[in-house]
Amino acid sequence: MKMNKFQKKILIILLLLCLITPVGILIPAYFNAGEAWGEWSAKTVKDLVGYVPKGLEKYTDVWKAPIPDYDVKTEGSSIVHQSGYYLVSGIIGATVTYIVMLLISRLIIRNGE
């Protein structure tokens, strides 16, 4: 399968994003900040700011993560262990995104000819 210049750029960006995904777990752990920034539950948001925004409250139960907290809840999992699951989650997400972008770009190219 031959990729055009745009597809190669997207692939490189996705690979770089995959490589930095563990930063989301490592930085909060380093600063004792609890959960990864922005990945808070409605309860955590309420504890942090005193209320739950209406949109978060309305949609909080709509999506359940396939691997909650990027961990399989093994006994005493270390930060390295959690980072590995975070990296695997990033790779899976990037792969799905890449395939969707590849299909969309091929449809655009095909319809443009």
Side-chain angles (χ1 to χ4, degrees):
M1 165 175 36
K2 188 172 180 172
M3 294 189 288
N4 63 33
K5 200 172 191 179
F6 175 72
Q7 291 168 333
K8 288 179 186 177
K9 284 182 183 179
I10 293 291
L11 181 60
I12 290 169
I13 290 168
L14 288 173
L15 289 173
L16 289 173
L17 288 172
C18 285
L19 292 175
I20 64 168
T21 54
V23 171
I25 282 185
L26 297 174
I27 288 178
Y30 180 77
F31 290 107
N32 293 323
E35 300 176 26
W37 193 92
E39 296 191 13
W40 306 303
S41 65
K43 181 190 178 312
T44 304
V45 170
K46 186 172 185 174
D47 292 344
L48 289 171
V49 296
Y51 71 98
V52 178
K54 289 181 183 178
L56 179 60
E57 189 172 35
K58 181 178 179 181
Y59 295 110
T60 195
D61 291 324
V62 171
W63 172 255
K64 296 293 182 195
I67 305 174
D69 297 328
Y70 307 98
D71 199 355
V72 293
K73 302 294 180 210
T74 56
E75 188 68 30
S77 58
S78 68
I79 194 75
V80 174
H81 189 90
Q82 290 174 351
S83 294
Y85 281 115
Y86 216 68
L87 186 60
V88 168
S89 295
I91 291 170
I92 291 169
T95 302
V96 170
T97 302
Y98 178 72
I99 291 170
V100 168
M101 291 299 296
L102 183 66
L103 293 173
I104 290 171
S105 67
R106 286 183 184 246
L107 284 172
I108 291 171
I109 291 169
R110 188 176 309 156
N111 290 336
E113 291 178 355

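On a predicted model such as this, the values are computed, not experimentally measured, just so you know.
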Next item on the list: Could you please spell out the steps behind the side-chain contact (heavy atoms from CB on, under 4.5 Å) verdict for Thr60 and Val52?
Entry: CA-CA 10 Å; Thr60 195; Val52 178; over 6 Å; no
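- Under the 4.5 Å side-chain contact rule for hydrophobic residues, Ile10 and Leu15 share a cluster.
- Hydrophobic clustering (side-chain heavy atoms under 4.5 Å, transitive across Ile, Leu, Val, Met, Phe, Trp, Tyr) groups Leu102 together with Phe6.
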Next item on the list: Please assess Leu11 against Gln7 for the test side-chain contact (heavy atoms from CB on, under 4.5 Å), listing each intermediate value before the final yes or no.
Entry: CA-CA 6 Å; Leu11 181 60; Gln7 291 168 333; over 6 Å; no
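- No continuous path of ILVMFWY side-chain contacts below 4.5 Å connects Tyr59 to Tyr51, so the two sit in separate hydrophobic clusters.
- Note that the CG atom of Leu14 and the CD1 atom of Ile91 stand 11.5 Å from one another [nearest 0.5 Å].
- At a threshold of 4.5 Å between side-chain heavy atoms, the hydrophobic network of Ile, Leu, Val, Met, Phe, Trp and Tyr places Ile108 and Leu103 in two separate groups.
- Hydrophobic cluster membership differs between Leu19 and Tyr98, with clusters built from Ile, Leu, Val, Met, Phe, Trp and Tyr side chains linked at under 4.5 angstrom.
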